[in-house]
Amino acid sequence: MGDEVRVRFAPSPTGLPHIGNIRTALFNWLFARHHGGKFIVRVEDTDQERLVPGASEAVLDALDWLDLQWDEGPRVEGPLGPYYQSQRLDVYREAAEKLMAGGFAYRCFCSEERLEQLRKEQLRSKNRQGYDRRCRSLSTAERKNLEAQGGPSVVRFAMPVDGVTALNDLIHGEVVWQNDLLDDFILLKSDGFPTYHLAVVTDDHLMKVTHVLRAEEWLPSTPRHLQIYQALQFEPPKFGHLPMILGPDRAKLSKRHGATAAEEYRDDGFLPEAMLNFMALLGWSLDDKTEVMDRGTLVQSFSLERINKSAAIFDLEKLVWMNGVYIRQLSVSELAERILPFLERELPPSLLPVDQEYLLRIVPLIRERIKLLADAAHLTSYFFEEELDYEAGALVQKGMEAREVPPALEAARDELGRAGELQHEPLEQALRAVAADAGLKPRQFFGLLRVAVTGRDVSPPLFETMEALGKERVLFRIDAAIGRFQATGRAVE
RNA sequence: GGCGCGUUCGUCUAGAGGCCCAGGACACCGCCCUCUCAAGGCGGAGAUCGCGGGUUCGAAUCCCGCACGCGCUACCA
């Protein structure tokens, strides 16, 4: 029990979760599941100014979408909650008191103006050292006096001014920092809220976190955390700093990179299982060739040793490809079920509701052609439309004379009229014969029929398409084509 | 500026001294299949392993220096 793995995902609700955040969640989840441990979610809402309403719900929804179940955290709770830091302020205040009592922290009364001024001066002299520790050396009398004035104050950590702090990172190995280069950072803000540094250490300890797997941007603040652990006499967890995920411009992922929020991927029609598989490959690999893996395989084979050190650029094109792979793996009924909401969202209301039976006939035809579920409406609209919209001239295929069109359509109509229910194989045989009789190449004749029946010159195989449409619609469309061609054809002449 | 991390095809990556004049995948190109488009199959192009020094019989792999990139440097996380 004591050596149970406990990891956490600690998002701060300052915006919608992006791929980088979610990838971090995924690695924590995989690590927990691989080791049969616990995956905790803790919302780090300590910045009241940047807090975005609804953001923490969005993070949780994203985890839900990907089916990354957490064992403790919001919505599920657990023995070591609450799991929102804004509800744990007393815990941090207590920790800060303890640090001050032990001489590891002190109250600082410096105004924001003074700090601003200090920063400016340091910047000018190209000698940035951070806070100058003025309040660290206040005499008891001075301190009493300032406290009595009741002005705003913060609590700062008193960094050791000599020695080094060393970390043995799970991913990067040994990293050492010179203590005198680290400044006396703030633990408790003047509004009574803790900074990340105090909150994260306190909570990770209280929630018995054994491994901290977080983005590499946190590496520079790890010595601070290590110092707090030491001062509080807490045993620090193991740390692993995950490679960053960069945008195409190689900069840290942010809103300005366009679609970065997890929910946008859902709305575009990416499958959560494809998303999961793809994200796992950003900074981790199983071996030199395995790429498509289900979640069970991922859990089973995940290991920290195979995590990369270098940042990865998010490659949307490869995600799209992988989504196609996962779509093709779905059964017809599963795919139909997933596509339906997208059709309902994007098809004109007049074409709704979608006939289930009919949809089941259509789906096999687009399964190999659809990469994003959101493309479904565009790929299938002509199956639902009553009247097709195309230029009559599109009926005339390459190498054909316009006058050959009507007889060809009529021959096709006559042939179809003789048939019973349409079935693609006999249909193909029959229409090939018709093409030959008409003196047209299959390519021409079928191309012409494709336009007549779908209104497009690209579609799934013609005969399967006709079969799915059904005899009635096909005959109606061929007649419509004849009519349309004659009406406009004469005008063109 | 300081500190830290990183650097293998355009991109994701394999590679932990000889198996590598570097393997796989996406994208790209060609061919096959073919009623169009896909999917699939086959093939191609694409990386002087950031650069320069070492160590070694031998280095993408070890060591040193440099360059470049990124991150941090807030009463943000």
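As the structure is a prediction and not an experimental result, all values here were calculated from the model. Just so we're on the same page: letters track the sequence lines, and every chain starts at 1.
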Sorted by chain and number, sequence neighbours left out, salt bridge (charged side-chain N to carboxylate O under 4.0 Å, His left out) with D315(A) holds for none
R133(A) meets the side-chain hydrogen bond (donor to acceptor under 3.5 Å, both in side chains) criterion, sequence neighbours left out, with D184(A)
Determine all donor-acceptor pairs shorter than 3.5 Å in which one atom belongs to a side chain in residues 50-60 of chain A; sequence neighbours excluded.
{"unit_1": "R50(A)", "atom_1": "NE", "unit_2": "D47(A)", "atom_2": "OD2", "d": "3.3"}
{"unit_1": "E57(A)", "atom_1": "OE1", "unit_2": "R75(A)", "atom_2": "NH2", "d": "2.7"}

Per-nt protein contacts along nucleotides 29-34 of chain B (heavy atom under 4.0 Å; B base, S backbone sugar-phosphate only, - none) come out as ------
So which protein N/O to nucleotides 37-40 of chain B N/O distances come out below 3.5 Å?
{"unit_1": "rC37(B)", "atom_1": "O2", "unit_2": "R369(A)", "atom_2": "NE", "d": "2.6"}
{"unit_1": "rC37(B)", "atom_1": "N3", "unit_2": "R369(A)", "atom_2": "NE", "d": "3.3"}
{"unit_1": "rC37(B)", "atom_1": "N3", "unit_2": "R369(A)", "atom_2": "NH2", "d": "2.8"}
{"unit_1": "rA38(B)", "atom_1": "O2'", "unit_2": "E368(A)", "atom_2": "O", "d": "2.4"}
{"unit_1": "rA39(B)", "atom_1": "O3'", "unit_2": "R328(A)", "atom_2": "NH1", "d": "3.3"}
{"unit_1": "rG40(B)", "atom_1": "OP1", "unit_2": "R328(A)", "atom_2": "NH1", "d": "3.4"}

Output for pair (N168(A) CG, F239(A) CZ), nearest 0.5 Å, gives 12.0 Å
Residue pairs passing the side chain to side chain donor-acceptor pair (under 3.5 Å) test with at least one member in residues 364-384 of chain A, sequence neighbours excluded, are S381(A)-R456(A)
Side chain to side chain donor-acceptor pair (under 3.5 Å) pairs touching residues 430-451 of chain A, sequence neighbours excluded, are E428(A)-R432(A), R450(A)-S459(A)
Note: contacts of residues 154-166 of chain A with RNA chain B (heavy atom, under 4.0 Å) are V154(A)
Expected list for residues 47-55 of chain A near RNA chain B, using heavy atoms below 4.0 Å, is D47(A), R50(A)
Among [options], which nucleotide sits nearest the side chain of [X]?
| X | options | result |
| --- | --- | --- |
| E317(A) | rA77(B), rU13(B), rA27(B) | rA27(B) |
| R450(A) | rC26(B), rC35(B), rA77(B) | rC35(B) |
| I313(A) | rC12(B), rC35(B), rG71(B) | rC12(B) |

Any protein N or O atoms within reach of nucleotides 44-50 of chain B? Criterion: under 3.5 Å, listing atom names and distances.
none

Could you go through nucleotides 4-8 of chain B and list every protein N or O atom that sits under 3.5 Å from one of its N or O atoms, giving the distance for each pair?
{"unit_1": "rC5(B)", "atom_1": "O3'", "unit_2": "H172(A)", "atom_2": "ND1", "d": "3.0"}
{"unit_1": "rC5(B)", "atom_1": "O2'", "unit_2": "E216(A)", "atom_2": "OE2", "d": "2.7"}
{"unit_1": "rG6(B)", "atom_1": "OP1", "unit_2": "H172(A)", "atom_2": "ND1", "d": "3.4"}

At a cut-off of 3.5 Å, list every protein nitrogen or oxygen paired with a nitrogen or oxygen from nucleotides 21-24 of chain B, distance to 0.1 Å.
{"unit_1": "rG23(B)", "atom_1": "N2", "unit_2": "D288(A)", "atom_2": "O", "d": "3.1"}
{"unit_1": "rG24(B)", "atom_1": "N2", "unit_2": "E291(A)", "atom_2": "OE2", "d": "3.2"}

